[in-house]
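Computed from heavy atoms alone, side chains included, the values below leave out hydrogens, waters and symmetry copies.
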Amino acid sequence: MSADLVPETRVLAVASHVVYGHVGNKMATLVMQSMGCDVAALNTVHFSNHTGYRQFKGTRATAEEITNLYEGLCQNNLTDFDVMLSGYAPSAAAVEAVGAIGQDLQRKAADRPGSFFWVLDPVMGDQGRLYVNDDVVPAYKNTIQHADLILPNQFEAEVLSGIKITSLSTLAEAITTIHSKYSVPHVIITSVQLSKLTTPATLPTPTPSTATCSNTNQNLLTVIGSTTLSTGEPRLFRIDVPALDCFFSGTGDMFAALTVARLREAVFNDYDAGLRDTKSWVSKDDVRATELPLAKATEKVLASMHDVLERTIEARDAQLKATAGEAGVGTEETEVKKEHLRRTKAAEVRLVRNVRLLREPTVEFKAVEWVE
């Protein structure tokens with residue numbers, strides 16, 4: 001195996017698809033394939049482009065269509081997947097259909113602990129609002145109890161836990177509740193701005209290993225992760241990264257896809273050779289939070305993402321500069337719309353020409369144990 005490829009991994013990726021750009025399965029498939037994974041993509045929507053453009057064409061898959069595609073795989077014995085990554089589903093029924101697929105794959109692997117792992121991204125909303133129908137929430141609550149790892153953002157963690165995250169203590173309480181309420185072994189909350197939860201003076205002090213982003217006046221994004229102890233209690237770690245001054249679509253899908261590859265790599269490289277044959281890849285209780293495979297994987301994930309997104313900003317700025325002279329002659333409303341489309345297109349993640357950064361991350365941002 002090439003040194004920059006992860007262990008051979010067969011992935012069933014269930015998420016959205018767009019013709020243009022990189023979000024959903026269009027993002028996840030390329031990321032995982034670039035890392036050496038063999039990916040089977042089951043698409044839950046087919047859109048012309050991501051919804052950030054505010055206009056799109058396409059169709060949403062029904063629960064029956066999703067189930068039929070999976071049944072076709074079953075008929076031909078094409079379900080020998082090591083990992084399932086599930087993302088956006090367009091309806092409550094679709095969430096349930098995807099959940100049924102995950103549970104069926106778990107049953108097929110029941111006699112081989114550790115041979116199948118389910119990563120679930122509960123795509124429901126962000127920035128304090130849902131962008132799915134209300135009935136999708138209970139569907140996810142009934143489904144995530146079967147997953148091995150879930151990747152909610154801050155808002156989705158609040159929805160799942162029932163706890164408003166306003167401080168470090170409520171953040172820890174939300175993660176603990178998700179572990180206990182849903183029996184989920186691994187949780188990563190993918191983007192938290194601690195400065196918005198509490199004053200900088202009360203933040204835990206980063207260790208020297210995080211010196212590159214330890215300035216409390218700097219705008220930071222923090223990823224909080226946890227793997228349970230045998231008691232069900234969390235083992236919490238955090239990683240701080242500088243927040244980049246740009247909005248990107250598809251970053252959650254990139255994070256999830258990289259996590260699939262890097263977590264499997266970390267488990268296979270773990271000093272405990274038996275971990276890969278352990279249900280849900282839960283490390284023994286004597287493993288500290290910062291030494292968890294989940295923490296080691298997340299360090300590499302964030303390193304790659306930060307580098308790719310920095311290159312995206314450079315390309316965005318160059319494209320905006322090159323197209324700045326395209327003066328419009330339409331109405332004010334038309335020109336506002338045209339400008340939005342110009343900026344949205346310029347901010348598409350530049351993935352294809354930067355795949356090397358996925359394989360060869362330079363880890364700057366290290367996990368630190370979080371003890372309140």
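For the atom pair NZ of Lys108 and CD of Gln103, the computed distance is 13.0 Å after rounding to the nearest 0.5 Å. Expressed to the nearest 0.5 Å, how far CE of Met124 lies from CG of Asp134 amounts to 11.5 Å. Summarising the geometry, atom CZ belonging to Arg54 is positioned 13.0 Å from atom CG belonging to Asn49; distances are rounded to the nearest 0.5 Å. Atom CG of Asp80 is separated from atom CZ of Arg10 by 4.5 Å, given to the nearest 0.5 angstrom. The distance from the CD atom of Glu339 to the OG1 atom of Thr323 is 7.5 Å, given to the nearest 0.5 Å. Separation of atoms OG1 (Thr29) and CG (Asp253) is listed at 10.0 Å; rounding is to 0.5 Å.
In the hydrophobic clustering of ILVMFWY residues, with side-chain heavy atoms under 4.5 Å counting as a link, Val363 and Leu309 come out apart. In the hydrophobic clustering of this structure, Val95 groups with Val132; members are Ile, Leu, Val, Met, Phe, Trp, Tyr whose side-chain heavy atoms approach within less than 4.5 Å, directly or through other members. Residue Leu12 is grouped with residue Leu78 when hydrophobic side chains (ILVMFWY) are merged at heavy-atom distances under 4.5 angstrom, including chains of intermediate members. Under the 4.5 Å side-chain heavy-atom criterion for Ile, Leu, Val, Met, Phe, Trp and Tyr, Tyr88 and Leu130 are members of the same hydrophobic cluster. When hydrophobic clusters are built by joining Ile, Leu, Val, Met, Phe, Trp and Tyr residues whose side-chain heavy atoms come closer than 4.5 Å, directly or via intermediates, Val159 is grouped together with Tyr182.
The backbone N or O of Phe116 sits nowhere less than 3.5 Å from a side-chain atom of Gln106 that would complete a donor-acceptor pair. A distance-only check finds a donor-acceptor pair linking the side chain of Asn25 to the backbone of Ala13 [under 3.5 Å]. Using a distance-only test at 3.5 Å, with no hydrogens or angles considered, no donor-acceptor pair links the side chain of Asn133 to the main chain of Asp135. A donor-acceptor contact shorter than 3.5 Å links the side chain of Ser48 to the backbone of Lys57. Side chain of Thr170 to backbone of Ser167: a donor-acceptor contact under 3.5 angstrom is found. In terms of modelled atom types and a separation under 3.5 Å, the side chain of His179 and the main chain of Val184 share a donor-acceptor contact. Thr290 contributes no side-chain N or O that, together with a main-chain N or O of Ala367, makes up a donor-acceptor pair within less than 3.5 Å.
When side chains are defined from C-beta on, Leu236 does not count as touching Glu369, because their heavy atoms never get closer than 4.5 Å. The shortest distance between side-chain heavy atoms of Met32 and Met35 does not fall below 4.5 Å. In this structure the side chain of Lys300 reaches within 4.5 angstrom of the side chain of Glu265, judged on heavy atoms. Counting only heavy atoms from C-beta outward, the side chains of Ser16 and His46 never approach each other to under 4.5 Å. With a 4.5 Å cut-off on side-chain heavy atoms, Leu171 and Trp370 count as touching. Between Ser283 and Arg235 there is a side-chain heavy-atom pair separated by less than 4.5 Å. Under the 4.5 Å side-chain criterion, counting only non-hydrogen atoms from C-beta, Val308 is not in contact with Arg350. Under the 4.5 Å side-chain criterion, counting only non-hydrogen atoms from C-beta, Asp240 is not in contact with Val223.
For Lys279, the NZ atom sits in a loose shell: 12 or fewer heavy atoms of surrounding residues, nucleotides or ligands are nearer than 6.0 Å. Heavy-atom contacts from other residues, nucleotides or ligands closer than 6.0 Å to NZ of Lys337 number 12 or fewer.
Ile150 approaches Ile178 most closely through the heavy-atom pair CD1-CG2, 3.7 Å. Residues Asn142 and Gln145 share a closest heavy-atom pair of O-NE2, 2.8 Å. Of all non-hydrogen atoms in Val45 and Pro90, the two that sit nearest each other are CG1-CB, 4.0 Å. Here the closest heavy-atom approach between residue Val123 and residue Gly87 is recorded as CG2-C, 4.0 Å. Taking all atoms of both residues into account, the shortest heavy-atom contact from Ser115 to Arg112 is OG-O, 2.6 Å. Nearest heavy atom pair, residue Leu351 against residue Met254, reads CD1-CE, 4.2 Å.
Ring-centre distance between His50 and Tyr53: below the 6.0 Å cut-off.
Between the side chains of Asp104 and Tyr70, at least one donor-acceptor pair of N or O atoms lies under 3.5 Å. Looking only at atom types and distance, the side chain of His186 has no donor-acceptor partner in the side chain of Ser280 under 3.5 Å away. With hydrogens and angles left out, the side-chain atoms of Gln319 and Arg343 include no donor and acceptor closer than 3.5 Å. Looking at Arg264 and Thr9, their side chains do bring a donor and an acceptor atom within 3.5 Å of each other. Thr222 and Arg238 share no side-chain donor-acceptor pair at under 3.5 Å. Counted by atom type alone, Asn153 and Ser191 present zero donor-acceptor pairs between their side chains at under 3.5 Å.
Each of Val98, Leu42, Thr44 was checked for a side-chain contact (heavy atoms from CB on, under 4.5 Å) with Ser86, and the lone residue meeting it is Val98. Here the rule is side-chain contact (heavy atoms from CB on, under 4.5 Å) with Leu120, and of Val14, Ile144, Leu85 only Ile144 fits it.
The list of ring-ring contact (aromatic ring centres under 6.0 Å, His included) pairs with a residue in residues 230-262, not counting sequence neighbours, is empty.
Between His306 and Phe365, the ring planes lie perpendicular to each other; the angle is over 60°, past the 30° to 60° tilted range.
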Using side chain to side chain contact (heavy atoms under 4.5 Å, CB included), reason through Val119 and Met84 one step at a time and then give a plain yes or no.
CA-CA 6 Å; Val119 179; Met84 173 170 157; over 6 Å; no

Begin with the C-alpha distance, continue with both residues' side-chain angles, and end with the deciding distance and a verdict on side chain to side chain contact (heavy atoms under 4.5 Å, CB included) for Val349 and Met27.
CA-CA 9 Å; Val349 176; Met27 169 70 80; 4.0 Å; yes

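With sequence neighbours excluded, the residues satisfying ring-ring contact (aromatic ring centres under 6.0 Å, His included) with Trp281 are Phe117.
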